[in-house]
Amino acid sequence: MGDGGTVRHPSVRAVSPAALDEAVRVLRAGGLVAFPTETVYGLGADAANPAAVARIFAAKGRPADHPLIVHVASAESARDWAATFPPLARTLADAFWPGPLTLILPRSAQVPDAVTGGRATVGLRVPDQPVALALLERFGGGIAAPSANRFGRVSPTTAAHVAADLGDRVDLVLDGGPCTVGVESTIVEVADGRLTVLRTGGITPDDLAAVTGALVDTTPTGPARAPGMLAAHYAPAARVVLAEAAEAADTVAQWVEKGHRVAVLAETATVPENLPEGVVVLPSPASARDYARVLYQRLRDVDAAGADVVVAIPPEPAGIGLAVRDRLLRASRAH
């Protein structure tokens, strides 16, 4: 199915006041609601209900110690979920919320262990998407929501992706159209006057430094303490092979010679010429931002095309290109 295609699935609802009210009823009853954000579709449950949160892990096949992000309607609401909200965090919230930024802060007493994997911190975000904000405002609480797909697989950027991945594991899917950013939020840990980027996204380290003047650490160490930190993640069924533009044609030829059906993913300017017959050239993004927006759709297109290898030429390592490279690298480690 192409970008933003129409879905016909029993759990999918076009967005309307009635559909939003139904979603709130499902959440309050302990059910699961998938909803769009500007980054990817989230699989949401009442963050204050441990039994509902447990259903997220069961639906995704997600390890129970892998923490979730709590989505809230405003920075004021976020303060209910954090034990402290230091000045540096307030500066980031003022600058980037609503938006694709998750702050890792000390958790308040109301945050269940199920949300944090037993950690002393919690991830908080105010999404910049009208459907998500309307749902959060109607619900009036926090919604814990990882990406609405099976754990480790390609994240969903349309309602069709959610329905295909989760089927009847989700009670309701709000169809708000395709996501506009296309890769998950930047995750930043705020502690001791320092910022540590735990996951790259649409907000770059340079953006963070420009707003705060603080030192930004981009090389976190230690065990995974936020979503998206596992070495292998975001993977289609096909093998993902990374190649820079100068070597891509040779890389493609090598995989074709081994008998594989190969697809190529690259920006328009870096698509290799003179490719072997039968190679699938996926529709090319025109820029790094466009690459991010269509990345997960293209990885799904690889599987739909029957290719078993995709040679991906990542964008330049700057701006949101850093996040695209990160996702492709983690996808390449899954095989």
Side-chain angles (χ1 to χ4, degrees), residues 37-40 42 47 66-108 111 115-128 142 144-147 181-231 233-234 288-289 292 315-327 329-330:
T37 76
E38 75 277 28
T39 58
V40 300
H66 205 51
L68 305 177
I69 294 169
V70 177
H71 295 71
V72 293
S74 66
E76 291 71 25
S77 300
R79 287 172 171 80
D80 294 335
W81 298 85
T84 62
F85 213 94
L88 198 53
R90 291 199 299 270
T91 298
L92 291 172
D94 289 344
F96 298 115
W97 281 357
L101 178 71
T102 294
L103 298 178
I104 303 293
L105 297 168
R107 60 188 267 197
S108 73
V111 182
V115 169
T116 69
R119 291 165 178 78
T121 56
V122 64
L124 300 170
R125 182 163 100 85
V126 181
D128 187 16
S147 56
V181 174
V183 292
E184 295 82 357
S185 63
T186 301
I187 299 180
V188 177
E189 186 175 56
V190 183
D192 302 322
R194 293 170 57 93
L195 304 178
T196 302
V197 177
L198 303 182
R199 181 176 72 189
T200 55
I203 307 298
T204 69
D206 288 344
D207 295 332
L208 300 169
V211 165
T212 63
L215 178 66
V216 180
D217 182 3
T218 58
T219 56
T221 57
R225 54 193 186 275
M229 291 185 70
L230 298 180
H233 214 30
Y234 314 110
R289 188 154 296 279
E316 291 297 314
I320 201 169
L322 289 168
V324 176
R325 281 180 169 259
D326 171 77
R327 304 311 191 269
L329 177 60
R330 293 177 195 274

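Quick caveat, the model's predicted, so the values are computed rather than measured.
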Query raised in the report: How far apart are the closest heavy atoms of Ala95 and Val211, and which atoms are they?
Result: CB-CG1, 3.6 Å

Query - Trace of the side chain to side chain contact (heavy atoms under 4.5 Å, CB included) decision for Val216 with Val197 - result: CA-CA 7 Å; Val216 180; Val197 177; 3.7 Å; yes

Report task. For the residue pair Thr116 and Arg107, confirm or rule out a side-chain donor-acceptor distance under 3.5 Å. Result -> yes

Query - Heavy-atom pair with the smallest gap, counting every atom of Gly142 and Val70 - result: CA-CG1, 3.9 Å

Requested in this report: Provide the closest heavy-atom pair for Gly193 versus Ala214 in the form atom of the first, atom of the second, distance.
Outcome: O-CB, 4.3 Å

Identify every side-chain donor-acceptor pair in residues 79-94 under 3.5 Å, counting partners at least two apart or on other chains, and give the distances.
from, atom 1, to, atom 2, distance (Å)
Arg79, NH1, Ala75, O, 3.1
Arg90, NH1, Phe85, O, 2.9
Thr91, OG1, Pro87, O, 3.1

Query raised in the report: What's the shortest heavy-atom distance between Pro315 and Gly321, and which atoms?
Result: CG-CA, 3.8 Å

Query - Sequence-distant partners of Thr212, side chain to side chain donor-acceptor pair (under 3.5 Å), two or more places apart - result: none

Query raised in the report: With sequence neighbours excluded, what pairs up with Asp207 under the side chain to side chain donor-acceptor pair (under 3.5 Å) test?
Result: Thr204

Query - Min side-chain heavy-atom separation Thr196-Val190 under 4.5 Å - result: no

Query raised in the report: Between Arg327 and Glu184, is there a salt bridge with N-O shorter than 4.0 Å?
Result: yes

Counting only pairs under 3.5 Å, give me each side-chain donor-acceptor contact of residues 96-104, with atom names and distances, residues two or more places apart or in other chains.
from, atom 1, to, atom 2, distance (Å)
Trp97, NE1, Leu101, O, 2.8
Thr102, OG1, Ser185, OG, 2.8

Query raised in the report: Of Asp217, Leu198, Leu208, which meets side-chain contact (heavy atoms from CB on, under 4.5 Å) against Val188?
Result: Leu208

Query - Residue list, salt bridge (Lys or Arg N to Asp or Glu O under 4.0 Å) with Arg325, at least two apart or on another chain - result: Glu244

Query raised in the report: Can a salt bridge be assigned to the pair Arg125 and Glu38 using a cut-off of 4.0 Å between side-chain N and carboxylate O?
Result: yes

Report summary line: What one should report as the nearest heavy-atom pair of Ala78 and Leu124 is O-CD1, 3.6 Å

Query - Closest non-hydrogen atom pair, Thr186 against Gly202 - result: OG1-N, 3.5 Å

